[in-house]
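What follows is a set of notes on a single structure, which appears directly below.
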Amino acid sequence: MTGLSISTIKRIDAGTLENITIETLLKILRVAGALEGVSSLVPELPESPYLTDEKTGKKHKYCKSSYKA
């Protein structure tokens, strides 16, 4: 089912639910079949400049950490 308590579902239905969490909102949207619409609200992230080698211009397959303990 939704993973929400019956009392939460009743408050949603009655319109009395306040301070809704993102988690609860996503559960409601998933059950309503509207979760896919959320992706249109979030912009695409640009490609990270850290994924491209400055010298060659080629994309890295993975990033090495230059930090040594």
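Because the structure is predicted, anything quoted here is derived from the model rather than measured.
Between Ile6 atom CD1 and Arg11 atom CZ the span is 12.5 Å, to the nearest 0.5 Å. In this structure, Leu29 CG and Ile22 CD1 are separated by 9.5 Å, a value rounded to the nearest 0.5 Å. Separating the NZ atom in Lys10 from the CG atom in Leu17 is a distance of 14.5 Å, to the nearest 0.5 Å.
Between Ile28 and Ile9, the closest side-chain pair of non-hydrogen atoms is not below 4.5 Å.
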Between Thr21 and Leu26, is the side-chain contact (heavy atoms from CB on, under 4.5 Å) condition met? List the steps. CA-CA 9 Å; Thr21 65; Leu26 292 175; over 6 Å; no
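In this structure, Ser40 and Gly37 approach most closely via the heavy-atom pair OG-O, 2.7 Å.
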